[in-house]
Amino acid sequence: MALYNGDSYFRGVICLDLFSFLDKTVSPYHAAAAGADELHEAGFRELHLEDSWRLQAGRAYFVRVFDSTLVAFRIGESPRRHLHIATAHTDFPCLRVKTAALARTQDYGRLNVEIYGGMIRSSWLDRPLSLAGKVVLSGENPYEPETHLVDIGRPLLTIPHLAIHMNRKVNEGETLNPQKDMLPLFTMLTGETDEKKQADAFLDFLAEECQLDRSRILSYDLTVYPTDGPCYFGAKNEFISASRLDNMTSVYACLQGLLQGTSTDGISCIALFDNEEVGSKTKQGADSFALPNILMRVYSSLGYGQDAYFADLAKGFLFSLDVAHALHPNAPEKNDITNFPKLNGGVTIKAACSQAYAGDAEAIAVAKALCKAHDIPYQMFLNRSDIRGGSTLGSMLTANMPMRAMDIGAAILAMHSARETMGAADQQALDALLKAFFSR
């Protein structure tokens, strides 16, 4: 079977698998865990950062970096034949629950939250929302707490709009204050008068809902996420509506490319980073030495020195995957006048002379040549010259490990909304390119 097949049957199978993946990846921790499950099932062996590694050619491995970043690699029989890397990010704009979370307004119990990343605030209102992430309990050793991955998995919260009768100018545009207007409704506190009992109510809920020892809960990192699932829409079911398309489409493509790639030589690697939406400057972010350190350990374990590692970087290639802005049907003037990707137009190659996206003329040529060799549709994205646009992983990552790189992704509408839109055919094109990348 060809790597890319425009038939709706193949497109449907891939999209249903994507839907299942989206349902699982409700926090960065769950995205890393879902990826680890697929890799483990495919025979990849898990490594741990704190252990010494003894790696072998012909084997495949993965390592979790502080639970929310995932790096996986397959070592070919001739490891130095090539170094191919694909990256994406596991996080998404959302709300995160603060400590001392329960806030009381009359008898309403709201959760005190803060905004993570550049979310479109209004899109989160009046939706059924839930919580997922991790809860951390005390252990026998203070330096080794016990971590539990949790997902409430049901509608639990909502952020209600103020009725139009109380804000007659709402349709003229509204400003939502993060501390005042974005706190989700959680429960009723009728009869709860004791302040300590009120303060403990959220932790009591977590302990009961997640079957944890309440007396041992020390902290948590919880993401608010929409519970309504992904779906097709359009006259021919040619569109997909879902939460977290940015950037689970890319995470999924990286995983499928590595798992389905057929290369038996070189080193094939994917790196799925947390914290891209807040700048990547963390221990598990792309603007750290997490990936360079892992790669240096791989080379050292295989008996190669630093010189070999630097040489292979110089001749290697990296695809940085993140979504792109599709031409908006109601605002076509917001896109560039000649470089505007459309939904269902295939892989989007993202370029910017500012290097907000990684790439150069040779990298663009590599991406196009791979697409042409496998009949994969592709299109170009550049920002309007008077709109700054966004940025992503590629440039900051390759600043720490110099190698040729190209930013690509699926074109979507409503980027950073609670619910985004993509073309149903585009995931197949993205998956096919990554499979081709890891098959050469």
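Counting heavy atoms from C-beta on, the side chains of Thr223 and Pro28 come closer than 4.5 Å. The shortest side-chain heavy-atom distance between Leu18 and Asp431 does not fall under the 4.5 Å cut-off.
Asp426 CG to Gln379 CD: the interatomic distance, rounded to the nearest 0.5 Å, is 6.5 Å. Rounding to the nearest 0.5 angstrom, the gap separating the NE2 atom in His325 from the OG1 atom in Thr348 is 11.0 Å.
With sequence neighbours excluded, the residues forming a side-chain hydrogen bond (donor to acceptor under 3.5 Å, both in side chains) with Thr282 are Asn275, listed by chain and number. Under the rule for a salt bridge (Lys or Arg N to Asp or Glu O under 4.0 Å), the partners of Arg404 that lie at least two apart in sequence or sit in another chain are Asp360, Glu362. Contacts of Asp228 classified as side-chain hydrogen bond (donor to acceptor under 3.5 Å, both in side chains), with partners at least two apart in sequence or in another chain: Arg127.
Side-chain contact, Gln179 with Asn112: a donor N or O sits under 3.5 Å from an acceptor N or O. Donor-acceptor pairing under 3.5 Å is recorded for the side chains of His416 and Asp246. Ser320 and Asp407 share a donor-acceptor pair across their side chains, judged by distance under 3.5 Å alone. Inspection of the His89 and Asp322 side chains reveals an N or O donor paired with an N or O acceptor under 3.5 Å. Using modelled atom types and a 3.5 Å distance limit, the side chains of Tyr225 and Asp151 yield a donor-acceptor pair.
Salt bridge Glu38/Lys24: absent, no basic N to carboxylate O contact under 4.0 Å. Ion pairing between a basic and an acidic side chain is recognised when a charged N comes within 4.0 Å of a carboxylate O; Arg64 and Glu46 show such pairing. A salt bridge between Lys134 and Asp221 is absent, with no side-chain N of the basic residue lying under 4.0 Å from a carboxylate O of the acidic one.
Classified by interplanar angle (parallel below 30°, tilted 30° to 60°, perpendicular above 60°), the ring pair Phe202/Tyr220 is perpendicular. By the 30° and 60° cut-offs, the orientation of the rings of Phe205 relative to Phe186 is perpendicular. Phe317 and Phe319 have perpendicular rings, their planes meeting at more than 60° on a 0 to 90° scale where under 30° would count as parallel. Ring geometry, Phe437 versus His84: the interplanar angle falls under 30°, so the pair is classed parallel (tilted spans 30 to 60°).
Taking the ring centroids of Phe21 and Tyr252, they lie under the 6.0 Å cut-off.
For His40, the NE2 atom counts as loosely surrounded, since its 6.0 Å shell holds 12 or fewer non-hydrogen atoms of other residues, nucleotides or ligands.
At distances below 3.5 Å, not a single donor-acceptor pair connects side-chain atoms of Arg110 with backbone N or O atoms of Leu183.
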